[in-house]
Student: 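Below you'll find the structure I mean.
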Amino acid sequence: MRKLKKYVPTKFKAKDSQYNKMAADYAVNFIECLCHTKGTWAGKKFELIDWQEQIIRDIFGILKPNGYRQFNTAYIEIPKKQGKSELAAAVALLLCCGDGEERAEVYGCAADRGQASIVFEVAADMVRMCPALNRRVKILAATKRIVYLPTNSFYQVLSAEAYSKHGFNIHGVVFDELHTQPNRKLFDVMTKGSGDARMQPLYFLITTAGTDTHSICYETHQKAKDIIDGRKVDATFYPVIYGADENDDWTSQAVWKKANPSLGITVGIDKVKAACESAKQNPAEENSFRQLRLNQWVKQAVRWMPMDKWDKCEAAIDESELEGRVCYGGLDLSSTTDITAFVLVFPPTDEDGNYVVLPYFWIPEDNITLRVNRDHVPYDIWKQQGYLQTTEGNVVHYAYIEKFIEQLGEKYNIKEIAFDRWGAVQMVQNLEGMGFTVVPFGQGFKDMSPPTKELMKLVLSGKLAHSGHPVLHWMMDNVCARTDPAGNIKLDKEKSTEKIDGAVATVMALDRAIRCGSDNSASVYDDRGILFI
């Protein structure tokens with residue numbers, strides 16, 4: 001193990017605070033009396049790695065003039081396999097058994113009870129391996145509770161419903177993998193005022209980077225970055241982020257070492273190299289590698305569409321040359337307050353031709369400013385540039401969209417329109433009344449998998465042509481795909497962190513275009529003329 005050669009107090013130490021070596025030594029010595037519990041390290045003394053010791057000395061050694069700790073919140077963001085669980089368990093035991101706090105309440109929190117139990121089990125094993133603690137601690141395995149008898153303090157794992165329980169008198173909270181929290185309810189209950197009755201509560205937040213940029217973890221991550229970069233000042237908040245920068249070469253071993261302070265100790269470089277090689281071969285693994293191995297925030301755990309390949313399919317499309325050509329539509333209505341997507345796919349007219357994609361999008365006019373501020377997505381700019389249309393009011397005006405599609409039918413030979421059955425009954429009837437052939441399209445693996453796989457094949461082979469439409473580009477970049485045991489795939493709206501309606505509409509239209517081809521028979525408008533409403 002490496003040791004901290006020379007301790008240098010963090011730059012976040014307040015002017016009136018002092019580094020107390022005795023307090024820091026005590027915290028370090030307490031932890032190093034514990035033992036590792038897993039793998040090749042099991043049974044060996046917990047000798048803190050230099051980055052771990054720096055954190056412990058900063059948090060427990062920097063004291064205010066009144067003798068209490070300066071830092072109440074510690075945010076530690078670091079890649080997987082760096083010793084997070086062991087450090088979190090050691091801190092939990094230190095707060096419960098070694099902090100001199102009478103009836104200390106220390107809680108272990110995670111996305112669910114199972115995740116929180118990981119740190120608890122490590123802490124319980126540490127107690128069993130330490131004779132001094134084992135004589136003084138009672139482990140209640142059934143209720144996931146550790147009681148330190150001399151001060152009647154406890155460390156308790158909380159259930160998923162803990163956010164509904166108030167009345168905590170918190171001395172310490174250990175949040176493991178904060179990025180997996182489904183919402184902010186548990187975090188707010190545990191950190192907003194619950195430790196006010198204590199003189200030096202500590203909220204120890206330790207996590208790997210996540211995927212949801214609207215989460216409480218990302219909010220805390222941003223605060224940590226702002227403090228590190230000097231944009232914000234909070235003397236009670238201790239930020240530590242190990243990870244690769246956005247523009248770093250993710251295949252570089254130098255970047256791996258920068259992001260993984262325990263590389264070569266808790267995880268071998270050969271393991272990281274193997275994961276990197278696998279990610280190079282499979283684009284779907286790249287984001288997972290970046291998130292878990294390099295601690296980078298990514299849009300979703302599995303980026304389905306390799307956007308560099310998508311961008312290579314961009315081409316100048318002359319819409320006038322497409323007039324009269326056979327095409328197929330995909331309609332995704334989503335909800336009345338959200339984005340509606342309609343995509344036309346033109347099958348090639350010869351063997352060397354490409355499938356051409358023309359997308360259209362609508363959003364309620366009254367909601368656009370709110371959505372820009374809430375989602376941080378440039379809907380207003382897209383509207384000004386003509387890539388996004390708005391309908392009057394605070395809900396999508398379906399009659400406006402129907403009229404627009406009818407006008408497209410005058411221009412292009414729309415053979416069929418595929419639609420998601422959910423919520424589209426009235427519009428489907430209206431489109432049928434205009435003479436369009438409208439076909440329902442299931443959203444399960446059975447219907448979605450074949451055209452989804454075909455879309456990827458066309459993109460990878462360069463047989464798809466699109467205009468670089470920014471809204472569709474954004475949605476393709478948002479896509480997270482779900483795979484079933486049989487290898488079927490579908491675009492997953494629930495797992496994707498942002499909107500993918502245009503991608504879904506593209507898949508539906510592509511399915512009809514592949515199945516039916518470019519039979520250039522007469523348009524519905526040739527048979528019945530144009531309807532005037």
Student: Going by heavy atoms in the side chains, are Ile170 and Met190 under 4.5 Å from each other?
Tutor: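 Yes; the side chains approach each other to less than 4.5 Å.
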
Student: Look only at the side chain of Asp234 and the backbone of Thr236, and say whether a donor-acceptor pair between them is shorter than 3.5 Å.
Tutor: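 Yes; judged by distance alone, with no hydrogens or angles, the pair exists.
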
Student: Using a strict 4.0 Å threshold on nitrogen-to-oxygen distance, state whether Glu219 and Lys223 make a salt bridge.
Tutor: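 Result for this pair is no, no salt bridge flagged.
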
Student: Identify which one of Phe441, Phe342, Tyr360 satisfies the side chain to side chain contact (heavy atoms under 4.5 Å, CB included) criterion when paired with Leu331.
Tutor: Phe342

Student: So that I can tick it off, tell me whether Lys273 and Glu277 are bridged by a salt bridge, with the cut-off set at under 4.0 angstrom between side-chain N and carboxylate O.
Tutor: no

Student: Please tell me if the side chains of Tyr107 and Val157 come closer than 4.5 Å, counting only heavy atoms from C-beta onward.
Tutor: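 Counting from C-beta outward, Tyr107 and Val157 never come under 4.5 Å.
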
Student: Is it true that, when you exclude Lys225 itself, more than 12 heavy atoms of the residues, nucleotides or ligands shown sit nearer than 6.0 Å to its NZ?
Tutor: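 Not buried by this count: 12 neighbours or fewer within 6.0 Å.
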
Student: Heavy atoms only: give me the nearest Ile317-Ala465 pair and the separation to one decimal.
Tutor: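 Of all heavy-atom pairs spanning Ile317 and Ala465, the closest is CD1-O, 4.0 Å.
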
Student: Do Asn72 side-chain atoms and Phe237 backbone N/O form a donor-acceptor pair below 3.5 Å?
Tutor: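 Judged by distance alone, no pair lies under 3.5 Å.
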
Student: Are any of the side-chain nitrogens in Lys499 or Asp501 under 4.0 Å away from the carboxylate oxygens of its partner?
Tutor: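 Salt bridge absent between Lys499 and Asp501.
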
Student: Is a side-chain donor or acceptor of Gln70 paired with a backbone partner of Lys64 at a separation under 3.5 angstrom?
Tutor: no

Student: Quick one, Thr73 with Leu205, criterion side-chain contact (heavy atoms from CB on, under 4.5 Å). Give me CA distance, side-chain angles, the key distance, then yes/no.
Tutor: CA-CA 7 Å; Thr73 301; Leu205 320 174; 3.9 Å; yes

Student: Determine the minimum heavy-atom distance between Val471 and Tyr387, stating which atoms define it.
Tutor: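 Of all heavy-atom pairs spanning Val471 and Tyr387, the closest is CG2-O, 3.9 Å.
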
Student: Rounded to the nearest 0.5 Å, how far apart are CG of Leu510 and OG1 of Thr506?
Tutor: 8.5 Å

Student: Taking only residues two or more places apart in sequence, or in another chain, which ones meet Lys490 in a salt bridge (charged side-chain N to carboxylate O under 4.0 Å, His left out)?
Tutor: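 Expected list: none.
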
Student: About how many Å separate NE2 of His36 and CE of Met126, when rounded to the nearest 0.5 Å?
Tutor: 7.0 Å

Student: Is there a side-chain contact between Cys109 and Val173 (heavy atoms, below 4.5 Å)?
Tutor: yes

Student: Are Trp256 and Trp250 close enough that their ring centres sit under 6.0 Å apart?
Tutor: no

Student: Do the two ring centres, one from Phe175 and one from Tyr203, sit under 6.0 Å apart?
Tutor: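 Between Phe175 and Tyr203, the centre distance exceeds or equals 6.0 Å.
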
Student: Quick one, Leu48 and Leu87 - any side-chain contact, counting heavy atoms below 4.5 Å?
Tutor: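 Contact flag for Leu48/Leu87 side chains = yes.
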
Student: Could you check whether any side-chain heavy atom of Thr452 comes within less than 4.5 Å of a side-chain heavy atom of Trp304, counting everything from C-beta outward?
Tutor: yes

Student: Nearest 0.5 angstrom please: Ser262 OG to Gln52 CD, how far?
Tutor: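 Here the interatomic distance stands at 5.5 Å.
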
Student: Please report the closest heavy-atom contact between Asn354 and Gly462, naming both atoms and the distance.
Tutor: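 Smallest heavy-atom distance, with atoms named: OD1-O, 3.7 Å.
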
Student: May I ask you to decide if the ring planes of Tyr218 and His221 are parallel, tilted or perpendicular, using 30° and 60° as cut-offs?
Tutor: parallel

Student: Any side-chain heavy-atom pair from Lys463 and Lys457 closer than 4.5 angstrom?
Tutor: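 With C-beta onward as the side chain, the pair stays apart.
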
Student: Hey, does Thr340 have a side-chain heavy atom less than 4.5 Å from the side chain of Asp332?
Tutor: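 A side-chain contact under 4.5 Å is absent here.
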
Student: Determine whether the aromatic ring centres of His179 and Trp297 lie less than 6.0 Å apart.
Tutor: no

Student: Are Phe445 and Arg482 packed together at the side-chain level, in the sense that at least one heavy-atom pair is separated by less than 4.5 angstrom?
Tutor: yes

Student: Could you tell me whether a side-chain N or O of Ser278 sits under 3.5 Å from a main-chain N or O of Ala274, the two making a donor and an acceptor?
Tutor: no

Student: Might you point out which heavy atoms bring Val345 and Ala513 nearest each other, and give the distance in Å?
Tutor: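 Residues Val345 and Ala513, closest heavy atoms: CG1-CB, 3.9 Å.
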
Student: Starting at CG of Asn20, measure out to CZ of Arg57 and round the result to the nearest 0.5 Å.
Tutor: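 Taking CG in Asn20 and CZ in Arg57, the distance rounds to 11.0 Å.
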
Student: Minimum heavy-atom separation for Ala503 and Val479, please, with both atom names.
Tutor: CB-CG2, 3.6 Å

Student: Between Asp477 and Trp474 (side chain of the first, backbone of the second, donor and acceptor by atom type, cut-off under 3.5 Å), is there such a pair?
Tutor: no

Student: Side chain of Asn295, backbone of Tyr242: donor and acceptor closer than 3.5 Å?
Tutor: yes

Student: Should Lys383 and Glu365 count as an ion pair when the cut-off is N to O under 4.0 Å?
Tutor: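 Judged by the 4.0 Å cut-off on N to carboxylate O distance, Lys383 and Glu365 do form a salt bridge.
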
Student: Between Asp380 and Gln384, does the side chain to side chain donor-acceptor pair (under 3.5 Å) criterion hold? Intermediate values first, please.
Tutor: CA-CA 6 Å; Asp380 52 347; Gln384 293 171 7; 5.3 Å; no

Student: Closest approach of Phe60 and Ala23, non-hydrogen atoms and distance?
Tutor: O-CB, 3.6 Å

Student: Run Met305 and Trp310 through side-chain contact (heavy atoms from CB on, under 4.5 Å) and show every step you take.
Tutor: CA-CA 7 Å; Met305 176 62 70; Trp310 175 263; 4.1 Å; yes

Student: Just verifying a value: how many Å separate Leu178 CG and Asp176 CG, rounded to the nearest 0.5 Å?
Tutor: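 Reported to 0.5 Å precision, the distance equals 9.5 Å.
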
Student: Taking the ring centre of each residue, are Phe361 and His469 less than 6.0 Å apart?
Tutor: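 Yes: the rings meet the under 6.0 Å criterion.
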
Student: Quick one: which of Lys185, Lys192, Arg184 gives a side chain to side chain donor-acceptor pair (under 3.5 Å) with Asp188?
Tutor: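 That would be Arg184.
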
Student: Under the side-chain contact (heavy atoms from CB on, under 4.5 Å) criterion, do Thr208 and Lys84 qualify, and how do the steps go?
Tutor: CA-CA 9 Å; Thr208 303; Lys84 290 197 301 295; 3.2 Å; yes

Student: Does Asp249 use its side chain to pair, donor to acceptor, with the backbone of Thr251 at less than 3.5 Å?
Tutor: yes

Student: Given Tyr238, which partner from the list Tyr75, Phe71, Phe204 fulfils the ring-ring contact (aromatic ring centres under 6.0 Å, His included) test?
Tutor: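 In the set Tyr75, Phe71, Phe204, the residue that makes a ring-ring contact (aromatic ring centres under 6.0 Å, His included) with Tyr238 is Phe71.
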
Student: Quick one: does Gln181's side chain have a donor or acceptor within less than 3.5 Å of a partner on Ala110's backbone?
Tutor: yes

Student: Roughly how far apart are Leu491 CG and Asn478 CG, rounded to 0.5 Å?
Tutor: 11.5 Å

Student: Verify, without hydrogens or angle tests, whether Thr10 (side chain) and Lys13 (backbone) share a donor-acceptor contact under 3.5 angstrom.
Tutor: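 No: the side chain of Thr10 does not pair with the backbone of Lys13.
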
Student: Under 3.5 Å, side chain of Thr266 to main-chain N/O of Lys81, donor-acceptor pair present?
Tutor: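 Yes; at least one donor-acceptor contact below 3.5 Å.
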
Student: List the steps, then state whether side-chain contact (heavy atoms from CB on, under 4.5 Å) holds for Gln443 with Val504.
Tutor: CA-CA 9 Å; Gln443 302 298 297; Val504 173; 3.5 Å; yes

